[in-house]
Amino acid sequence: MTCKTLFLSSFFLTMAVGASATASASPELAQAWQKQAGELHERVEKIDNFQISEDLEGDLRRFGRIALKLSNAGTAEHPLPKDLGCIFRGMEEETRVQLDVFKPEHTQAEKSSAKERLLHMLADAEIVGKAAILELNGTAYGIPMDKPELRSCKAASPDASLTTD
(Lines give C-alpha, C1' and ligand atoms only; values in the text may rest on other atoms or scores of the structure.)
Protein backbone atom coordinates (compact mmCIF):
# COMPACT_ATOMS: atom_id res chain seq x y z
CA MET A 1 0.00 0.00 0.00
CA THR A 2 1.43 3.34 -0.97
CA CYS A 3 1.52 6.40 1.29
CA LYS A 4 -0.89 8.14 -1.09
CA THR A 5 -3.39 5.27 -0.86
CA LEU A 6 -3.07 5.17 2.91
CA PHE A 7 -3.51 8.95 3.13
CA LEU A 8 -6.58 8.92 0.87
CA SER A 9 -8.13 6.05 2.80
CA SER A 10 -7.56 7.83 6.12
CA PHE A 11 -8.84 11.07 4.61
CA PHE A 12 -12.09 9.51 3.39
CA LEU A 13 -12.62 7.70 6.68
CA THR A 14 -12.08 10.98 8.55
CA MET A 15 -14.48 12.77 6.21
CA ALA A 16 -17.11 10.08 6.70
CA VAL A 17 -16.75 10.35 10.48
CA GLY A 18 -16.88 14.14 10.36
CA ALA A 19 -19.85 14.23 8.04
CA SER A 20 -21.80 11.91 10.29
CA ALA A 21 -20.79 13.46 13.62
CA THR A 22 -24.10 15.25 14.00
CA ALA A 23 -26.28 12.61 12.35
CA SER A 24 -26.66 8.91 12.91
CA ALA A 25 -24.01 6.68 11.41
CA SER A 26 -24.58 6.23 7.71
CA PRO A 27 -24.12 3.45 5.19
CA GLU A 28 -21.19 5.49 3.86
CA LEU A 29 -19.52 5.41 7.28
CA ALA A 30 -20.06 1.65 7.47
CA GLN A 31 -18.56 1.28 3.99
CA ALA A 32 -15.50 3.38 4.90
CA TRP A 33 -15.11 1.37 8.14
CA GLN A 34 -15.34 -1.90 6.21
CA LYS A 35 -12.69 -0.75 3.74
CA GLN A 36 -10.46 0.40 6.59
CA ALA A 37 -10.79 -3.07 8.15
CA GLY A 38 -9.21 -4.63 5.07
CA GLU A 39 -6.41 -2.10 5.00
CA LEU A 40 -5.71 -2.49 8.72
CA HIS A 41 -5.67 -6.27 8.29
CA GLU A 42 -2.85 -5.92 5.76
CA ARG A 43 -0.92 -3.63 8.10
CA VAL A 44 -1.38 -5.85 11.17
CA GLU A 45 -0.14 -8.85 9.18
CA LYS A 46 3.15 -7.00 8.66
CA ILE A 47 3.84 -6.31 12.36
CA ASP A 48 7.45 -7.36 13.02
CA ASN A 49 8.95 -8.24 16.38
CA PHE A 50 5.58 -7.54 17.96
CA GLN A 51 6.25 -3.80 17.81
CA ILE A 52 3.26 -1.74 16.77
CA SER A 53 3.86 1.71 15.29
CA GLU A 54 2.16 4.77 16.75
CA ASP A 55 0.42 5.35 13.41
CA LEU A 56 -1.01 1.83 13.32
CA GLU A 57 -2.05 1.98 16.95
CA GLY A 58 -3.80 5.30 16.35
CA ASP A 59 -5.57 3.98 13.26
CA LEU A 60 -6.72 0.87 15.16
CA ARG A 61 -8.00 2.96 18.07
CA ARG A 62 -9.89 5.19 15.59
CA PHE A 63 -11.29 2.04 13.97
CA GLY A 64 -12.58 0.96 17.39
CA ARG A 65 -14.17 4.35 18.07
CA ILE A 66 -15.96 4.23 14.72
CA ALA A 67 -17.19 0.71 15.52
CA LEU A 68 -18.69 2.13 18.72
CA LYS A 69 -20.38 4.89 16.70
CA LEU A 70 -21.75 2.29 14.29
CA SER A 71 -23.16 0.29 17.21
CA ASN A 72 -25.75 3.06 17.61
CA ALA A 73 -26.39 3.45 13.88
CA GLY A 74 -29.63 3.44 12.07
CA THR A 75 -32.82 5.40 11.83
CA ALA A 76 -36.42 4.71 12.76
CA GLU A 77 -36.98 3.68 9.16
CA HIS A 78 -33.82 1.53 8.90
CA PRO A 79 -32.70 0.51 12.39
CA LEU A 80 -29.54 -1.47 12.90
CA PRO A 81 -30.40 -4.86 14.43
CA LYS A 82 -29.37 -5.22 18.08
CA ASP A 83 -27.06 -8.15 17.31
CA LEU A 84 -25.05 -6.01 14.87
CA GLY A 85 -24.86 -3.21 17.43
CA CYS A 86 -23.56 -5.71 19.97
CA ILE A 87 -20.95 -6.97 17.50
CA PHE A 88 -19.75 -3.42 16.85
CA ARG A 89 -19.43 -2.74 20.61
CA GLY A 90 -17.52 -6.00 20.99
CA MET A 91 -15.13 -5.02 18.20
CA GLU A 92 -14.45 -1.68 19.87
CA GLU A 93 -13.66 -3.43 23.14
CA GLU A 94 -11.61 -6.15 21.46
CA THR A 95 -9.52 -3.49 19.71
CA ARG A 96 -8.73 -1.73 23.01
CA VAL A 97 -8.01 -4.96 24.87
CA GLN A 98 -5.68 -6.38 22.22
CA LEU A 99 -3.81 -3.10 21.70
CA ASP A 100 -3.09 -2.99 25.43
CA VAL A 101 -1.30 -6.34 25.09
CA PHE A 102 1.34 -4.68 22.89
CA LYS A 103 2.70 -2.83 25.94
CA PRO A 104 6.27 -3.79 26.95
CA GLU A 105 5.24 -5.76 30.05
CA HIS A 106 3.54 -8.45 27.95
CA THR A 107 5.32 -11.53 26.61
CA GLN A 108 5.99 -12.38 22.96
CA ALA A 109 3.43 -15.18 23.23
CA GLU A 110 0.76 -12.77 24.50
CA LYS A 111 1.58 -10.31 21.72
CA SER A 112 1.41 -13.09 19.14
CA SER A 113 -2.03 -14.07 20.41
CA ALA A 114 -3.15 -10.43 20.37
CA LYS A 115 -1.98 -10.05 16.78
CA GLU A 116 -3.93 -13.15 15.73
CA ARG A 117 -7.06 -11.93 17.53
CA LEU A 118 -6.80 -8.56 15.80
CA LEU A 119 -6.42 -10.29 12.43
CA HIS A 120 -9.51 -12.45 13.06
CA MET A 121 -11.51 -9.45 14.19
CA LEU A 122 -10.50 -7.35 11.18
CA ALA A 123 -11.43 -10.18 8.81
CA ASP A 124 -14.81 -10.46 10.56
CA ALA A 125 -15.21 -6.69 10.36
CA GLU A 126 -15.22 -6.80 6.58
CA ILE A 127 -18.21 -9.19 6.68
CA VAL A 128 -19.99 -7.31 9.47
CA GLY A 129 -19.47 -4.05 7.60
CA LYS A 130 -21.25 -5.50 4.56
CA ALA A 131 -24.20 -6.52 6.74
CA ALA A 132 -24.35 -3.06 8.33
CA ILE A 133 -24.30 -1.35 4.93
CA LEU A 134 -27.25 -3.46 3.77
CA GLU A 135 -29.18 -2.84 7.00
CA LEU A 136 -28.53 0.90 7.00
CA ASN A 137 -29.62 1.09 3.36
CA GLY A 138 -32.73 -0.92 4.16
CA THR A 139 -31.71 -3.61 1.67
CA ALA A 140 -30.75 -6.48 3.99
CA TYR A 141 -32.06 -9.81 2.90
CA GLY A 142 -31.34 -12.09 5.84
CA ILE A 143 -27.58 -12.51 5.99
CA PRO A 144 -27.01 -15.55 8.22
CA MET A 145 -25.02 -14.40 11.26
CA ASP A 146 -24.48 -17.95 12.55
CA LYS A 147 -21.87 -18.93 9.95
CA PRO A 148 -18.70 -20.39 11.51
CA GLU A 149 -16.48 -17.82 9.78
CA LEU A 150 -18.38 -15.04 11.58
CA ARG A 151 -17.75 -16.67 14.95
CA SER A 152 -13.96 -16.49 14.77
CA CYS A 153 -13.83 -13.18 16.65
CA LYS A 154 -13.88 -14.16 20.30
CA ALA A 155 -15.39 -11.83 22.87
CA ALA A 156 -12.95 -9.38 24.43
CA SER A 157 -12.71 -11.52 27.53
CA PRO A 158 -10.75 -14.71 26.80
CA ASP A 159 -13.16 -16.59 29.09
CA ALA A 160 -16.29 -15.37 27.32
CA SER A 161 -17.98 -17.34 24.59
CA LEU A 162 -20.24 -16.20 21.78
CA THR A 163 -23.83 -17.28 21.89
CA THR A 164 -26.58 -17.01 19.35
CA ASP A 165 -30.23 -16.39 20.13
Side-chain angles (χ1 to χ4, degrees), residues 1 5-45 52 55-101 114-157 160-165:
M1 179 180 312
T5 304
L6 185 59
F7 170 77
L8 288 174
S9 173
S10 295
F11 173 76
F12 287 121
L13 187 59
T14 301
M15 293 302 291
V17 172
S20 64
T22 58
S24 65
S26 66
E28 293 79 19
L29 179 61
Q31 186 173 23
W33 181 84
Q34 176 200 13
K35 182 178 182 208
Q36 186 73 6
E39 293 167 359
L40 287 170
H41 189 279
E42 289 178 17
R43 292 172 62 196
V44 170
E45 281 181 318
I52 191 166
D55 287 344
L56 178 55
E57 180 178 358
D59 289 346
L60 285 164
R61 290 198 188 278
R62 187 176 314 107
F63 176 83
R65 287 191 305 270
I66 295 169
L68 187 59
K69 181 173 182 60
L70 285 167
S71 74
N72 296 310
T75 63
E77 190 174 284
H78 301 295
L80 189 70
K82 290 181 182 180
D83 57 347
L84 275 176
C86 181
I87 291 168
F88 280 121
R89 286 187 299 280
M91 288 183 166
E92 184 275 334
E93 183 178 5
E94 180 75 352
T95 301
R96 279 186 293 111
V97 167
Q98 298 314 319
L99 282 173
D100 286 346
V101 176
K115 177 181 175 179
E116 289 304 312
R117 288 178 67 131
L118 283 171
L119 288 170
H120 283 290
M121 181 200 61
L122 291 166
D124 288 348
E126 291 187 77
I127 298 167
V128 170
K130 287 177 187 175
I133 293 163
L134 292 172
E135 290 289 349
L136 293 171
N137 278 327
T139 56
Y141 53 89
I143 296 173
M145 296 303 288
D146 60 347
K147 295 183 119 184
E149 59 268 23
L150 292 176
R151 298 177 55 80
S152 65
C153 181
K154 306 226 185 323
S157 168
S161 63
L162 292 175
T163 60
T164 56
D165 294 331

Step-by-step side chain to side chain contact (heavy atoms under 4.5 Å, CB included) determination, Glu93 to Arg89
CA-CA 6 Å; Glu93 183 178 5; Arg89 286 187 299 280; over 6 Å; no
Decide side chain to side chain contact (heavy atoms under 4.5 Å, CB included) for Asn72 and Leu80; before the verdict, give the C-alpha distance in whole Å, the side-chain angles of both, and the deciding distance to 0.1 Å.
CA-CA 8 Å; Asn72 296 310; Leu80 189 70; over 6 Å; no
Set out, in order, the CA-CA distance, both residues' side-chain angles and the distance that settles side-chain hydrogen bond (donor to acceptor under 3.5 Å, both in side chains) for Glu77 and Thr75, then state yes or no.
CA-CA 5 Å; Glu77 190 174 284; Thr75 63; 5.8 Å; no
Go through the steps for Leu60 and Gln98 under the test side chain to side chain contact (heavy atoms under 4.5 Å, CB included), then give the verdict.
CA-CA 10 Å; Leu60 285 164; Gln98 298 314 319; over 6 Å; no
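In this structure, CG on Leu29 lies 4.5 Å from CG on Leu70, to the nearest 0.5 angstrom. Here CG of Leu136 is found 11.5 Å from CD of Gln31. Values are rounded to the nearest 0.5 Å. Taking CG from Leu118 and NZ from Lys115, the interatomic distance works out to 10.0 Å, rounded to the nearest 0.5 Å. Atom OG of Ser71 sits about 11.5 Å away from atom CD1 of Ile87, to the nearest 0.5 Å. Arg61 CZ to Thr95 OG1: the interatomic distance, rounded to the nearest 0.5 Å, is 9.0 Å. A distance of 10.0 Å separates CD in Glu94 from CG in Leu99, rounded to the nearest 0.5 Å.
In terms of heavy atoms, Phe88 sits closest to Ala67 at CB-O, 3.1 Å. Nearest heavy atom pair, residue Pro27 against residue Asn137, reads CG-OD1, 3.1 Å. The heavy-atom pair separating Ala37 from Ala125 by the smallest distance is CB-CB, 3.7 Å.
When side chains are defined from C-beta on, Met91 counts as touching Asp124, because their heavy atoms get closer than 4.5 Å. Two residues are said to be in side-chain contact when any heavy atoms from C-beta on lie closer than 4.5 Å; Glu92 and Arg65 fail this criterion. Residues Asp59 and Arg43 have side chains in contact (heavy-atom distance under 4.5 Å, counting atoms from C-beta outward). Side-chain contact between Lys130 and Leu134: absent, with no pair of heavy atoms (C-beta onward) separated by less than 4.5 Å.
In this structure, Gln34 contributes its side chain and Glu126 its backbone to a donor-acceptor pair below 3.5 Å.
A search for salt bridge (charged side-chain N to carboxylate O under 4.0 Å, His left out) contacts involving Asp55 returns nothing, not counting sequence neighbours.
Using cut-offs of 30° and 60° on the angle between ring planes, the pair Phe63 and Trp33 is parallel.
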